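Here's the structure, in structure tokens; my notes come after.
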Amino acid sequence: IATTTPSSSSPARAVAGMGGSERIQKVFVGGLAPSVTDSIMKDYFSQFGNVTECLVMMDSHTQRSRGFGFVTFDSCDPVDDVMRRNDHSIDGKTVEIKKAFPKGTGPTKFMQQNMGGG
């Protein structure tokens, strides 16, 4: 199984809803079947735009899929196209898609600062 290391040193946080004005190029993909590899996921998301990075997260001890991953596009428009659909299915299994915000940013941070949380 081919794996890719993230190009960014900052982890991403997936957040549903709240699109805001952030221009995000990365999505979180949850609920992946154990059989899904980086290349299968890349093949699926390539229909929306140019995929620059695709990573299925693996357990470091067992080398098995953790059931989620990240896809990075070369622009923000494919992310918008992906988010407009709610019927994504990869390798026969429906998956959940969320925008992936860099850790410490995005709607969660905004809500904490403006609504008294955190």
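The figures that follow rest on heavy atoms only: side chains count, while hydrogens, waters and symmetry mates do not. We number each residue from 1, following the sequence as shown. Just so we're clear, the structure is a prediction, and the values are computed from it rather than from any experiment.
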- Check the pair Glu96 / Phe68 against side-chain contact (heavy atoms from CB on, under 4.5 Å), numbers first and verdict last. CA-CA 9 Å; Glu96 177 183 14; Phe68 70 94; over 6 Å; no
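- Annotation: salt bridge (charged side-chain N to carboxylate O under 4.0 Å, His left out) contacts of Asp59 (sequence neighbours excluded): none.
- Distance NZ/Lys99 to NZ/Lys26: 15.0 Å, rounded to 0.5 Å.
- With sequence neighbours excluded, no residue forms a side-chain hydrogen bond (donor to acceptor under 3.5 Å, both in side chains) with Ser46.
- Separating the OG1 atom in Thr94 from the CG atom in Asp87 is a distance of 8.5 Å, to the nearest 0.5 Å.
- Across all their heavy atoms, His88 and Tyr44 have their closest contact at ND1-OH, 2.7 Å.
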- Item | side-chain contact (heavy atoms from CB on, under 4.5 Å) between Asp91 and Lys93, intermediate numbers included | CA-CA 6 Å; Asp91 216 21; Lys93 188 169 184 219; 6.0 Å; no
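- For the atom pair CD1 of Ile40 and CD1 of Ile90, the computed distance is 9.0 Å after rounding to the nearest 0.5 Å.
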- Task: Could you give me the CA-CA distance, side-chain angles and deciding distance for Val95 and Leu32, then say whether side-chain contact (heavy atoms from CB on, under 4.5 Å) is met?
- Result: CA-CA 6 Å; Val95 295; Leu32 292 171; 3.8 Å; yes
Check residues 71-83 and write down every donor-acceptor pair under 3.5 Å in which the side-chain atom is one partner and the other belongs to a residue at least two apart or another chain.
| residue | atom | partner | partner atom | Å |
| --- | --- | --- | --- | --- |
| Asp74 | OD2 | Asn50 | ND2 | 3.3 |
| Asp80 | OD2 | Arg23 | NH1 | 3.4 |
| Asp81 | OD1 | Arg84 | NH2 | 2.5 |

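- Ring orientation note: the planes of Phe48 and Phe45 are tilted relative to one another, at an angle of 30° to 60°.
- Note that CE of Met58 and OG of Ser65 are 6.0 Å apart. Values are rounded to the nearest 0.5 Å.
- Under the rule for a side-chain hydrogen bond (donor to acceptor under 3.5 Å, both in side chains), Arg64 has no partner lying at least two apart in sequence or in another chain.
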